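Mind having a look at this structure? Questions to follow.
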Amino acid sequence: MKRIFSKEFWQERDVEMFIGQQLRWGVITASVIAFIGGIIYLISHGNGIPAYHVFNGAPEYVRHLPGIFQGVARLDGMAIIQLGVVVLLATPITRIAFSVVAFAMEKDKLYVVITLIVLSIIIFSIFSGLGG
C-alpha cells in the first residue's frame, strides 16, 4: 500500500490539480459565506438609511477572529461576511503550506526552505500586527 505522502502516491500533475482545486474551492467557499452573510445583513439592516457624512468603521468585534466566530454563532451578517473574507485570505496561505509538503515529497530542499521562509514572513506579518 502506498503512503499518502509518498512520491509514488502523488504524481506531479496530481499535485498541480490538487493545488488548483484547493484555490478554486477556497474562493468559492469564501464567496458563498460572504453572500450568505450579505443576505442576512440586508435582512436585518436593509431598511436603515446610511449617514454618509459620518464615517463609522467596522465594529470592534469583527476585527478579531474570536469576535468573528462569536458573531457567526449569533448569525450576525457582518461577522459572517468577515468570515468569508478570512476564508478568502486563508486560501493562498494554505496553498503555500501545501507547496511546502509537495516540495518535501519531491525532496527539493531549496524550494522547501524558500517556501518556508515565505510562509513564515506571511504568518509573522499576520500575527505580529506590525504590518500597519
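Nothing here was measured: the structure is a model prediction, and the numbers come from that model.
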Joint hydrophobic cluster, L83 plus V85, side-chain heavy atoms closer than 4.5 Å:
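No, because L83 and V85 fall into different hydrophobic clusters, even though each may have its own neighbours under 4.5 Å.
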Is a side-chain donor-acceptor pair under 3.5 Å present for R95 with T91?
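No, no side-chain donor-acceptor contact under 3.5 Å.
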Could you tell me whether the side chain of I93 reaches within less than 4.5 Å of the side chain of I126, counting heavy atoms only?
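Answer yes - side chains close enough.
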Are F35 and V86 in one and the same hydrophobic cluster, where Ile, Leu, Val, Met, Phe, Trp and Tyr link if side-chain heavy atoms are under 4.5 Å apart?
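No: no chain of side-chain contacts under 4.5 Å links F35 to V86.
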Any donor and acceptor pair, going by atom type alone, linking the side chain of S44 with main-chain N or O of Y41 inside 3.5 Å?
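Checking the backbone N and O of Y41 against the side chain of S44, a donor-acceptor pair under 3.5 Å is found.
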Applying a strict under-4.5 Å side-chain criterion to I, L, V, M, F, W and Y, I'd like to know whether I80 and V32 cluster together.
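Yes; tracing contacts between hydrophobic side chains, which count when under 4.5 Å, links both residues.
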Is a donor on one side and an acceptor on the other found under 3.5 Å between the side chain of Q82 and the backbone of I68?
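Looks like no, no N/O pair under 3.5 Å.
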I123 and I96: same hydrophobic cluster, using ILVMFWY side-chain contacts below 4.5 Å?
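They do share one cluster, since a chain of ILVMFWY contacts under 4.5 Å joins I123 to I96.
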Taking all heavy atoms of G84 and all of A30, pick out the closest pair and write down the distance.
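Scanning both residues completely, I find the closest heavy atoms to be O-CB, 3.3 Å.
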Would you indicate whether the side-chain heavy atoms of R74 and Y61 approach each other to under 4.5 Å?
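SC-SC contact between Y61 and R74 confirmed.
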Atom pair CD1/CE of I19 and M17 - distance to nearest 0.5 Å:
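It comes to 11.5 Å.
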Heavy-atom pair with the smallest gap, counting every atom of P59 and M78:
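Heavy-atom minimum between the residues: CD-SD, 3.2 Å.
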Just how far is it from atom CD1 of I28 to atom CG of L88, taken to the nearest 0.5 Å?
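Here the interatomic distance stands at 12.0 Å.
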If you measure from CG on L42 to CG on N47, what distance do you get to the nearest 0.5 Å?
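Going from the CG atom of L42 to the CG atom of N47 covers 10.0 Å.
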Check residues 108-122 and write down every donor-acceptor pair under 3.5 Å in which the side-chain atom is one partner and the other belongs to a residue at least two apart or another chain.
residue, atom, partner, partner atom, Å
T115, OG1, Y111, O, 2.6
S120, OG, L116, O, 2.7

Hey, quick one: are I81 and L89 part of the same hydrophobic cluster, counting side-chain heavy atoms closer than 4.5 Å, chains of contacts allowed?
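No, it is not one cluster - the side chains of I81 and L89 are not joined through contacts under 4.5 Å.
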For the CZ atom of F18 and the CG atom of L23, what is their distance to the nearest 0.5 Å?
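Result: 10.0 Å between the selected atoms.
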